[in-house]
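Positions are given from 1 along the sequence.
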Amino acid sequence: VNLLTPQAPPQLPNQLEPWQLPTTKVHAVIFFKEESHALVEILLHLYSQGLDHVILVDNMSTHPLPLEAMHSMGDFVTLRRDRRQMAQKPAFRSATQLARWKGADWLLAVDADEFPWATQLGSIANYLTLRDPEICTIAIPFRLFGSSGREGQPNSIIHGFIGRVNNTLI
């Protein structure tokens, strides 16, 4: 299933009103190192996409983290620090176990400066709630965006990196 290619969106079951829809818990795990500048923006974006929880795994960052902003997001964010080198696989297993323990139905692995979105039904959570129940894995193609001629880090990744590399979908 491709979330970016226009297709007929899933239809609401006839017997249910929109407020009676089943809920789907969608969590994300983000591994980051030296990407603290992107954390608040990606967290707000994932919240706007209907995610229920984000597990941040700090892999030995030296940059200061936006702890006050993350704390203001309450239970939406869990911060873990993993100081081991080359330990992404065991750290991901640990984050997956935490997501299961918190009741996640879906887990989205996201890089701190990559912004997944669904063009159908307005959000990733809506799309996953209305998907065919036989679907258990969804591949999300991505587009590469370059520096847009910038030499420094912009205040906003979404609004600062707008030049797509080769204008192609990968």
Side-chain angles (χ1 to χ4, degrees), residues 1 3-4 18-19 21-131 135-145 147 150 152-162:
V1 174
L3 296 181
L4 298 176
W19 61 85
L21 286 173
T23 58
T24 299
K25 284 194 170 189
V26 184
H27 293 207
V29 60
I30 299 174
F31 290 92
F32 68 94
K33 182 174 183 175
E34 313 308 2
E35 294 173 307
S36 61
H37 62 277
L39 292 179
V40 171
E41 190 172 14
I42 186 65
L43 290 170
L44 291 173
H45 173 75
L46 293 174
Y47 184 81
S48 77
Q49 286 293 306
L51 273 70
D52 299 285
H53 189 78
V54 177
I55 301 165
L56 295 173
V57 182
D58 177 5
N59 191 3
M60 300 172 46
S61 290
T62 59
H63 294 171
L65 300 178
L67 295 175
E68 185 175 321
M70 290 170 18
H71 180 69
S72 72
M73 295 178 188
D75 291 338
F76 181 68
V77 179
T78 298
L79 175 62
R80 291 190 151 187
R81 297 178 189 262
D82 194 314
R83 300 293 182 203
R84 299 174 289 180
Q85 291 185 2
M86 307 298 289
Q88 209 168 29
K89 199 172 189 178
F92 185 75
R93 268 196 300 271
S94 175
T96 300
Q97 290 171 347
L98 177 60
R100 285 184 185 152
W101 181 77
K102 288 184 168 280
D105 297 307
W106 289 87
L107 183 61
L108 182 65
V110 181
D111 194 53
D113 59 359
E114 295 173 357
F115 292 76
W117 77 96
T119 57
Q120 298 178 18
L121 301 176
S123 74
I124 292 170
N126 288 349
Y127 186 87
L128 292 173
T129 298
L130 296 172
R131 81 197 181 294
I135 295 173
C136 62
T137 302
I138 296 176
I140 302 174
F142 62 94
R143 299 175 193 259
L144 294 175
F145 288 81
S147 68
R150 297 178 180 276
Q153 186 67 41
N155 290 332
S156 167
I157 291 172
I158 292 175
H159 299 292
F161 293 106
I162 56 174

Minimum heavy-atom distance between Ala112 and Ala38, given as atom pair plus value: O-CB, 3.4 Å

Check: Trp117 main-chain N/O paired with Gln49 side-chain donor or acceptor under 3.5 Å: no

Salt bridge flag under 4.0 Å for residues Arg81 and Asp58: yes

Considering all heavy atoms, the nearest Val40-Ala69 contact: CG2-CB, 3.7 Å

Backbone N/O of Phe32 and side chain of Asn59: donor-acceptor pair under 3.5 Å: no

side-chain contact (heavy atoms from CB on, under 4.5 Å) assessment of Thr78 paired with Lys102: CA-CA 11 Å; Thr78 298; Lys102 288 184 168 280; 3.8 Å; yes

Close side-chain approach of Ile42 and Ile30, heavy atoms under 4.5 Å: yes

Student check: side-chain heavy atoms of Met70 and Leu43 closer than 4.5 Å: yes

Rounded distance [0.5 Å steps], CG in Leu67 versus OG in Ser36: 9.5 Å

Parallel, tilted or perpendicular: ring planes of Tyr47 versus Phe76, cut at 30 and 60 degrees: perpendicular

ring-ring contact (aromatic ring centres under 6.0 Å, His included) partners for Phe92, two or more places apart: none

Minimum side-chain heavy-atom gap Leu79-Leu65 below 4.5 Å: yes

Separation between CG of Leu107 and NE2 of His53, rounded to the nearest 0.5 Å: 10.5 Å

Side-chain donor/acceptor of Ser61 to backbone N/O of Glu34, under 3.5 Å: yes

Any donor-acceptor N/O pair, His45 side chain to Pro116 backbone, under 3.5 Å: yes

Partners passing salt bridge (Lys or Arg N to Asp or Glu O under 4.0 Å) against Asp113 (at least two apart in sequence or in another chain): none

Minimum-distance pair of heavy atoms, taken over all atoms of Lys33 and Met60: CE-O, 3.7 Å

Test ring-ring contact (aromatic ring centres under 6.0 Å, His included) applied to His37 - qualifying residues, sequence neighbours left out: none

Which atom of Asp52 lies closest to which atom of Lys25, heavy atoms considered: OD2-CA, 3.0 Å

Separation of Glu41 CD from Phe115 CZ (nearest 0.5 Å): 4.0 Å

Taking every non-hydrogen atom, the tightest pair across Ile55 and Ala95: CD1-O, 3.4 Å

Min side-chain heavy-atom separation Leu39-Glu35 under 4.5 Å: no

Spatial distance of atom NE2 (His27) from atom CG (Asp105) [nearest 0.5 Å]: 8.0 Å

Donor-acceptor pair, side chain of Ser123 and main chain of Gly50, under 3.5 angstrom: no

Inter-residue atom distance Leu130.CG - Thr24.OG1, 0.5 Å rounding: 8.0 Å

Shortest non-hydrogen separation from Val110 to Ala28 and the atoms involved: CG2-CB, 4.2 Å

side-chain contact (heavy atoms from CB on, under 4.5 Å) assessment of Leu56 paired with Phe31: CA-CA 6 Å; Leu56 295 173; Phe31 290 92; over 6 Å; no

Check: Val29 and Thr96 side chains under 4.5 Å, non-hydrogen atoms: no

Inter-residue atom distance Trp106.CH2 - Ile124.CD1, 0.5 Å rounding: 11.5 Å

